[in-house]
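Numbers restart at 1 for each chain; the letters A, B, ... are given by sequence-line order, proteins then strands. Since this is a predicted model, take the numbers as computed values, not measurements.
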2 protein chains.
Amino acid sequence: MMESTIKMGIVEDQILFREGIKAILKQRDNFDVIFESADGFSVIDKLEKTPLRPDVLLVDLSLPPQNKKEYSGLQLTIALAEKFPEIKVLVLSVHNDENFMTELIKNGAHGYLVKDCDPSEIFEAIVAVFEKGSYINSRTLKALQGSMIKKPKHGKKLLANISPREEEILKLTCQQFTADEIAEKLFISVKTVNGHRNNLLIKTGSRNVTGLVIFAIRNNIVQL
Amino acid sequence: MMESTIKMGIVEDQILFREGIKAILKQRDNFDVIFESADGFSVIDKLEKTPLRPDVLLVDLSLPPQNKKEYSGLQLTIALAEKFPEIKVLVLSVHNDENFMTELIKNGAHGYLVKDCDPSEIFEAIVAVFEKGSYINSRTLKALQGSMIKKPKHGKKLLANISPREEEILKLTCQQFTADEIAEKLFISVKTVNGHRNNLLIKTGSRNVTGLVIFAIRNNIVQL
DNA sequence: TGAAAAACAGGTATTTATACCTATGCTATT
DNA sequence: AATAGCATAGGTATAAATACCTGTTTTTCA
């Protein structure tokens, strides 16, 4: 198996971890880090401006979802799959959450790794993604299988633990009601509605209602 | 990466192919064929009676489904996953059918290979399945992703005469960009963006962006 | 060639949404 | 008994979206 040099990109907001990864990759001479970024939005911009694009992009999933001005790792994955399908996306995450994995794979990620994996697995995963187009380990496969099997018809209950009340408000939001109107409908304060909305934004990693609507549709909380 | 000897099993009704596989595996001394069978039912029987079980079981998917007294490859996979979950099932098939793959993976197969793959890939797949618990190549992953993503059926655009520019702005809006950001991206004024948005609201009969997003999804202007 | 539509830009004003706080009563779990 | 999550409600800000206006320029097309 020949291993030509793989052009790497790293998307990671924590500079320490980013430099750490770079250092690790530099130990082997068949990895060349030619691209790096600290946040999701600049990734797309930078990629559009450069002719030299990475073969494999390591993306930190934990790109801050609490900061709504940023892409979440999932959103970035979606954007990358659409705009730069030739770039292989390998997601790094601290989450061991089934739903995160499956959402990512569904939306175009080529591989998934938890951050506490064996270092050698990173090399392995990068090479696999580069040469074969994908890397799925058994843990991820199990998640995929699980998510596919429990999909009987109308059953939802996937992704992010939305509380019943939050779901209720999400539904009404998707019906184009304003916070005021929702408050009136539910006999609660506008403040409370806004509180729930803010929680929803954080939980779903959205920047605004647009993201909430898409989330709701993806998760069958509202029908099309 | 250490490679201890892997105990192999082969389930294949065509004796010629079975012997062929055995011969290939014998070329490498880290594969030890300790189990073989020509049909599905006897596999379960034999496995129940022996204490020496294979680590990896190569299963030919084309096990005859016309004979109702036989397991099909799929049924066998299901039975194996239930009774012997510790045995890794690597499916070999002539079919390149998405649905076959996904059904198998859903039901517990640890890997999928088409028979005309490169011989070296068989070794690779066996080792991967044994050591990491799974083997999915890019072709299979694509099938999995394809089967999981709910795709809209109607390809044509109906409803409302949205201008190209409006559609552009609608797309970006759905990607959670604010009017400011869209203006910056398109090198136009925020006023213009808002003008387009207002036109969109009127044309689509929406009250706010929520309605725009739903319209965009319904009309395939954006993908889910 | 003349009318219509599209893209563009600007204004003023109000309404909504979002960010970031605190805080309390309730319930389930450990 | 302490912890955690939820639903509730409040405050103070700013950012963004929406509602109506006015225009100019270019393109498209009947």
Side-chain angles (χ1 to χ4, degrees), chain A residues 13 39-41 63-72 75 95 97 99 157 159-216 221-222, chain B residues 157 159-216 221-222:
Chain A
D13 59 328
D39 69 282
F41 276 122
L63 288 173
Q66 67 273 29
N67 182 342
K68 295 162 194 169
K69 293 285 175 268
E70 299 276 340
Y71 265 149
S72 72
Q75 292 168 323
H95 302 286
D97 189 306
N99 297 319
K157 288 292 157 284
L159 201 68
N161 26 346
I162 308 297
S163 76
R165 197 56 157 177
E166 284 164 354
E167 185 173 324
E168 203 174 355
I169 275 148
L170 179 53
K171 277 180 185 170
L172 291 169
T173 301
C174 290
Q175 286 161 43
Q176 307 190 48
F177 292 111
T178 67
D180 279 282
E181 291 164 343
I182 294 171
E184 204 179 329
K185 265 179 196 293
L186 301 182
F187 306 106
I188 57 177
S189 157
V190 192
K191 302 292 187 177
T192 309
V193 176
N194 278 324
H196 288 310
R197 274 205 185 164
N198 277 318
N199 288 336
L200 283 166
L201 290 175
I202 293 167
K203 283 185 179 178
T204 64
S206 304
R207 300 177 70 198
N208 48 43
V209 278
T210 301
L212 291 186
V213 175
I214 290 171
F215 173 88
I221 290 169
V222 294
Chain B
K157 286 186 190 158
L159 261 158
N161 35 339
I162 307 297
S163 77
R165 195 57 157 179
E166 283 165 354
E167 183 173 327
E168 202 174 357
I169 276 150
L170 179 53
K171 277 183 185 169
L172 291 168
T173 301
C174 290
Q175 284 163 43
Q176 305 190 51
F177 292 110
T178 67
D180 279 281
E181 291 164 345
I182 294 171
E184 204 179 327
K185 264 180 194 296
L186 302 182
F187 305 107
I188 57 178
S189 156
V190 192
K191 308 288 189 178
T192 307
V193 175
N194 277 325
H196 288 308
R197 274 204 183 167
N198 278 321
N199 289 335
L200 283 166
L201 289 176
I202 293 167
K203 284 185 179 179
T204 64
S206 304
R207 299 179 68 194
N208 48 42
V209 278
T210 301
L212 290 185
V213 174
I214 290 172
F215 173 88
I221 291 167
V222 295

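For the pair B:L200 CG and C:dA6 P, the computed distance is 12 Å after rounding to whole Å. We find that CG of B:D180 is positioned 18 Å from P of C:dA17, with the value rounded to whole Å. The interatomic distance linking B:N198 (CG) with C:dG11 (C1') rounds to 14 Å, in whole Å. Here C:dA7 presents its P atom at 16 Å from CG of B:N194, a figure rounded to the nearest Å. Between the NE2 atom of A:H196 and the C1' atom of D:dA9 there is a distance of 10 Å, given to the nearest Å. Going from atom CZ of B:R165 over to atom P of D:dT26 covers 16 Å, rounded to whole Å. Rounded to a whole Å, the CD atom of B:E167 is 11 Å from the P atom of C:dA7. Summarising the geometry, the separation between CD1 on B:I188 and P on D:dT26 is reported as 17 Å, rounded to the nearest angstrom.
In this structure, the separation between CD on A:E167 and CG on A:L172 is 11.0 Å, given to the nearest 0.5 Å. Once rounded to the nearest 0.5 Å, the distance linking CD1 of A:I169 with SG of A:C174 reads 12.0 Å. The structure places NZ of B:K191 at 11.5 Å from CG of B:N198, a figure rounded to the nearest 0.5 Å. Considering OG1 of A:T204 and CD1 of A:I214, their distance stands at 10.5 Å, rounded to 0.5 Å.
Checking C:dT16, C:dG11, D:dT18 against every side-chain atom of B:K191, the shortest atom distance belongs to C:dG11.
Mapping A:E181 and B:F187 onto DNA chain C by nearest heavy atom places B:F187 closer to the 5' end of the strand.
Heavy atoms of A:T192 sit under 4.0 angstrom from at least one base atom. Across all strands shown, A:S189 has heavy atoms under 4.0 Å from sugar-phosphate atoms exclusively, and none from any base. At a threshold of 4.0 angstrom between heavy atoms, the contacts of B:N199 with the nucleic acid are absent. Within the 4.0 angstrom heavy-atom criterion, only backbone atoms of the sugar-phosphate kind lie near B:V209; the bases stay farther away.
The local environment of CD in A:E184 is sparse, with at most 12 non-hydrogen atoms from other residues, nucleotides or ligands closer than 6.0 Å.
Inter-residue side-chain proximity for B:H196 and B:T192 is flagged as met; some heavy-atom pair is nearer than 4.5 Å.
Here A:R165 pairs with A:E168 in a salt bridge; the nearest charged N to carboxylate O distance falls below 4.0 Å.
The phosphate of C:dT18 (OP1 or OP2) has no side-chain N or O of A:R207 nearer than 4.0 angstrom. Regarding contacts with the backbone of D:dC6, a side-chain N or O of A:K203 is found under 4.0 angstrom from either OP1 or OP2.
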Heavy-atom protein contacts under 4.0 Å, nucleotides 22-30 of chain C, coded B base, S sugar-phosphate only, - none: ---------
